[in-house]
Protein chains: 2
Amino acid sequence: MSRRIKEGPPLSRERVLRAAVELADAGGIASLTIRSLAERLDVKPMSVYHHVANKEEILDGIVDQVFAEIELPRPGGDWRAEMRRRADSARRALRRHSWAIGLMESRATPGAASLHHHDTVLACLRTAGFSVEQTAHAYALLDSYIYGFAVQEAGLPFEGADTAGTVAEAIMEHFPEGAYPHLVEMAAQHITKPGYDFGNEFGFGLELILDGLASALH
Amino acid sequence: MSRRIKEGPPLSRERVLRAAVELADAGGIASLTIRSLAERLDVKPMSVYHHVANKEEILDGIVDQVFAEIELPRPGGDWRAEMRRRADSARRALRRHSWAIGLMESRATPGAASLHHHDTVLACLRTAGFSVEQTAHAYALLDSYIYGFAVQEAGLPFEGADTAGTVAEAIMEHFPEGAYPHLVEMAAQHITKPGYDFGNEFGFGLELILDGLASALH
DNA sequence: CGGCGTACCGTACTTAGTACGGTGATGGTA
DNA sequence: TACCATCACCGTACTAAGTACGGTACGCCG
């Protein structure tokens, strides 16, 4: 140890990553800086570098943290139910940490939690009777849907039920008269309706995909 | 005009955005800086700011440029064929500009090309007989799939046919003995096979989705 | 009790975004 | 033609962020 005058637990890779996730959640990924991170941990910036090599490693790490939060399917269970549970859990995780999708694009080195997650999903599908090739198809499809849905949710200028209407109206104010008639129709007849929540669209697509996969399985 | 001693066309918002896309394509989004952009345009950094307000506006702009590259569906045509054409085109655009997905996550203000694109897709679905609500479902599903597939393609540590195998082997070298058995199986029996190309998975999911939508339409 | 490893830190360098205030050419006007 | 306003471009410099490099003190071991 060293100058451990401070109370509380010592710095560690885990504490650094946890704080990084909290900062990114609270203020967006741009607000996650080495300095802000150090301040939150009540240390000086350079101390962080004794637990991670650089910021890239922090970004890799917090993406893996998000994967660690996703409920794993149980191989051997009803594959539809397990895939649904995993998909819902993944969507919730990606909504809680909407910066994660943006990081995944640039990160080619998966962490341990990601690998374990992927392995378990594959296990579940293979156990359910999908061939290797069918599993590859199914997995690419399911994950594409989950990630893409997260992209859309993150890009939406509103979130949660009923907030969409007002925002949609504010945006459309700037439309030239008569422009984008189908967007306007969609807004008027669907999005601005009370109770509208984009998140509810997730279930429709997921069930459609699961139906399709089921018939591919026979 | 002013000190237009230089040959060539004057600076403009369009030239700035075009150069920004080229830089991001060539070196990743991180290599797109005001200074690198200015150098490419053969002007000094501060000159850029006479055509865009700030870097955020550039990022908004290049995302919209990507949307502008996507082939629009023709409302009134065969909706399946049109949706397929649009989806393939979108996937190619997002693969050419793999930084785009990462930007979409943080960008809540769509540009003119995006709006026009979305409006046209909605038009095509509505014309094909989908109700407003069905159109909302279909659109969320299709775009989720397209975006999510792009996320996965961008995150892959390899690209193109036959390059996956060697990379997969290199990654698995670092696995503990016996770890991730299903990932290993997938790699051994599918990914490392000659001719494997993750991009080929796109068609499977797309057709499954279109089938499902067709039966929802009746 | 002296030396050493470890955990933390001070300083400073580099790169990036961009605020602020020029500066000179051009085109319009008297 | 003389003037001037405007507009496109730029020089300088400030702030913030990542991080290299070399301390520095605490506790432990011998």
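Computed over heavy atoms, backbone and side chain alike; hydrogens, waters and symmetry mates excluded. Since this is a predicted model, take the numbers as computed values, not measurements. Each chain gets a letter, A, B and so on, in the order its sequence line appears, and its residues count up from 1.
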Inspect the contact between [Y] and [X] and indicate whether a charged nitrogen and a carboxylate oxygen are less than 4.0 angstrom apart.
X         : Y         : value
Arg85(A)  : Glu71(A)  : yes
Arg126(B) : Asp119(B) : no
Arg92(B)  : Glu69(B)  : no

Rounded distance (Å) that lies between atom [atom2] of [N] and atom [atom1] of [X]:
X        : N       : atom1 : atom2 : value
Met46(A) : dC9(C)  : CE    : P     : 11 Å
Leu37(A) : dT19(D) : CG    : C1'   : 14 Å
Ile58(B) : dA16(C) : CD1   : C1'   : 12 Å
Leu11(A) : dT6(C)  : CG    : P     : 16 Å
Leu41(A) : dA7(C)  : CG    : P     : 16 Å
Glu57(B) : dT18(C) : CD    : C1'   : 14 Å
Lys44(A) : dA12(C) : NZ    : P     : 15 Å
Leu23(B) : dA16(C) : CG    : C1'   : 15 Å

* Which comes earlier along DNA chain D counting from the 5' end, the contact point of Leu32(A) or that of His50(B), where each point is its nearest nucleotide? ->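 Closest to the 5' end, via its nearest nucleotide, is His50(B).
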
Below the 4.0 Å mark, does [N] have OP1 or OP2 next to a side-chain nitrogen or oxygen of [X]?
X        : N       : value
Lys55(B) : dA16(C) : no
Ser47(B) : dA8(D)  : no
His51(B) : dC9(D)  : yes

* May I ask you to check whether over 12 heavy atoms, not counting those of Gln189(A), lie within 6.0 Å of atom CD? =>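 Count over threshold, so yes.
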
* To do: Step through the shown structure and confirm whether more than 12 heavy atoms of other residues, nucleotides or ligands are within 6.0 Å of NE2 on His118(B).
  =>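 Yes, NE2 of His118(B) has more than 12 neighbouring heavy atoms, counting only those of other groups under 6.0 Å.
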
* Asked: Given that Ile34(B) and Ser12(A) both sit by DNA chain C, which one's nearest nucleotide is further toward the 5' end?
  ->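 In this pair, the answer is Ser12(A).
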
* To do: Select one nucleotide: of dT19(D), dT12(D), dG18(D), the one nearest the side-chain heavy atoms of Thr33(A).
  =>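 Ranking dT19(D), dT12(D), dG18(D) by closest atom to the Thr33(A) side chain puts dG18(D) first.
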
* Which nucleotide sits closest to the side chain of Arg35(B): dC9(C), dG18(D), dA13(D)? ->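 Nearest to the side chain of Arg35(B) among the choices is dA13(D).
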
